[in-house]
Protein chains: 2
Amino acid sequence: MVGRRTVERQTGVALWRQIADRIRLAIGNGDYDETGMVPPETVLAAEFGVNRHTVRSALAALAEEGLVRAVQGRGTLIERKDRVTYPISRRTRFSQGLGGQVQEIGSKLLGQREVQASGEVAAALGLPLNAPVVELRTVSSGDGRPLSATIAYFPAERFPEMAQQYGRLGSVTKAFAAQGLEDYVRVSTEIVARHADAEELELLKLSPGAIVLEALAVNADLDGRPVEFSLTRFAADRMKLRIDT
Amino acid sequence: MVGRRTVERQTGVALWRQIADRIRLAIGNGDYDETGMVPPETVLAAEFGVNRHTVRSALAALAEEGLVRAVQGRGTLIERKDRVTYPISRRTRFSQGLGGQVQEIGSKLLGQREVQASGEVAAALGLPLNAPVVELRTVSSGDGRPLSATIAYFPAERFPEMAQQYGRLGSVTKAFAAQGLEDYVRVSTEIVARHADAEELELLKLSPGAIVLEALAVNADLDGRPVEFSLTRFAADRMKLRIDT
DNA sequence: CCTAAATGTCTATTGATCTAGACAATCATA
DNA sequence: TATGATTGTCTAGATCAATAGACATTTAGG
């Protein structure tokens, strides 16, 4: 990996947070797999060129996330190794893609309502401005930890029962099927990365200051008519996206 | 857009930096296109629930980046609207994809050498461990601003002149062609997001604390044999990735 | 059972960040 | 040419982040 042991000062990002991010990445890369432990605090402090207390703040943040557990006299043990891979392809289906990587996949419906399409939503779905659309907000989890938060929009005229069917079936694919749409494909996905905002911190149970990968996706039926526009925010420290082409 | 006007305290990320990130995002989204200006400092301070001085720190950081310019008595003018879209598809070619979005595309070769393939590189290229590979390090720019930094690996036995040809032609596609490979396709791309490290801050001329999108890509010839493994780090505040499927 | 290695806790100090308020300087416009 | 809106500058104080050092506590191992 291409990890460098340096931190930057006076950047608006606290040193303990930078160090926590580095250690989380190193754990995810398997750098500490031999021992199953993070190096001692004094060693990390020397590596990063900071005081031991600063390293302790970083480790405390990782312990708060449940990623490590410090044991007095022994060291800091790694509890979890992270980063689930989320595949994006023409046939992207959330639950299928994660198969095998996590034991339990959960999807929780946070809210549903009918709204008027904003400019962005209307353009994506090929609808006139202010056309009625169904909005679903969901959070998906793997092994009990939230992985992504999604806001999805569907044309209300074509899929009037979307909210109801999703609530019953717990799957977009099944909800489409129940309304006569047997198949659909991913048309485009746009990805940006940014800091998580307050709502995302709560929904995804992120440690504050974390990064989210935001994916804006359009799905269409086999005739090319858009059927879904979704905005998914992935916890960047728990997920990577994989595009197979 | 789904932008919320909240900032988090005691997160290890300074408020001025969070606010700078938000405003940068809003500018990129075209939220201020009507006026071509950022809202007044007092308004922003009220929106974010912070002191005006804190907003000023954020705007100073954006001015440092050349994104805005404050004019006493008038307001803070937007100098650049950001986020170039980088398309990822089976036929991903760096320079072609950006066509029209930026005037000048520049690619600078930082270094070249022959190294032994690490486990990661060997696995991606389908080579034995420690097989000889050519490593190229480059930085690409649009309109004079760096957009991405790449480390690319090529099988040295098959493409012995890779470094030389790239230096001469300035393009991976052309360098391949000069060595008898007429066509190649993108096989897979993995994307993660994280904070930029010190080297990336310098290479990409990022404001400290910024986020990078890291894309690990494998290209193969038409027989499916891998010809290139690359690790590209995009300046997340200047780019978005688009996957057309 | 001692010792080394590691984490846990405490105090004190310095510098960065954020708030608060006041006022100056500049620009657009009525 | 006033006036209001806006950015620029300064001071002071409060809170957070980071350093420094000392010592306690726990664990593993000789």
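Naming: A, B, ... by sequence-line order, numbering from 1 per chain.
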Angle by which the axis turns from one end of the helix from dC1(C)-dG30(D) to dA30(C)-dT1(D) to the other, five pairs per end, to 10 degrees: 30°
Sequence neighbours left out, what passes side chain to side chain contact (heavy atoms under 4.5 Å, CB included) with [X]? Give chain and number order.
X	result
Glu114(A)	Pro132(A), Ala156(A)
Ala215(B)	Thr189(B), Ile191(B), Phe234(B)
Ser57(B)	Trp16(B)
Val115(A)	Arg113(A), Val133(A), Glu135(A), Tyr153(A)

Is the shortest distance from a Lys or Arg side-chain nitrogen in Arg233(B) or Glu214(B) to a carboxylate oxygen in the other one below 4.0 Å? no
Value in whole Å for how far the [atom2] atom of [N] lies from [atom1] of [X]:
X	N	atom1	atom2	value
Asn51(B)	dA20(C)	CG	P	6 Å
Arg17(A)	dC16(D)	CZ	P	16 Å
Ile19(B)	dC18(C)	CD1	C1'	10 Å
His53(B)	dA12(D)	NE2	P	14 Å
Phe48(A)	dT19(D)	CZ	P	13 Å
Trp16(A)	dT19(D)	CH2	C1'	17 Å
Leu77(B)	dT26(C)	CG	P	17 Å
Met37(B)	dA5(D)	CE	P	14 Å

Interatomic distance, Leu67(B) atom CG to Leu77(B) atom CG [nearest 0.5 angstrom]: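 Going from CG on Leu67(B) over to CG on Leu77(B), the span is 12.0 Å.
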Nucleotide N/O of nucleotides 5-7 of chain C paired with protein N/O under 3.5 Å:
{"unit_1": "dT7(C)", "atom_1": "OP1", "unit_2": "Thr76(A)", "atom_2": "OG1", "d": "3.4"}
{"unit_1": "dT7(C)", "atom_1": "OP2", "unit_2": "Glu41(A)", "atom_2": "N", "d": "2.9"}

Can you tell me which nucleotide in dC18(C), dT19(C), dA18(D) comes closest to the side chain of Thr54(A)? dA18(D)
Who pairs with Phe154(A) by ring-ring contact (aromatic ring centres under 6.0 Å, His included), at least two apart in sequence or on another chain? Phe176(A)
In a table with atom names and distances, give each donor-acceptor pair under 3.5 Å that connects a side chain of residues 36-46 of chain B to protein atoms at least two apart or in another chain.
{"unit_1": "Glu41(B)", "atom_1": "OE1", "unit_2": "Arg52(B)", "atom_2": "NE", "d": "2.8"}
{"unit_1": "Glu41(B)", "atom_1": "OE1", "unit_2": "Arg52(B)", "atom_2": "NH2", "d": "3.1"}
{"unit_1": "Glu41(B)", "atom_1": "OE1", "unit_2": "Arg56(B)", "atom_2": "NH1", "d": "3.4"}
{"unit_1": "Glu41(B)", "atom_1": "OE2", "unit_2": "Arg56(B)", "atom_2": "NH1", "d": "2.9"}

Using residues 122-130 of chain B as the side-chain source, report each donor-acceptor pair under 3.5 Å to any protein atom, sequence neighbours left out, with the distance given to one decimal.
none

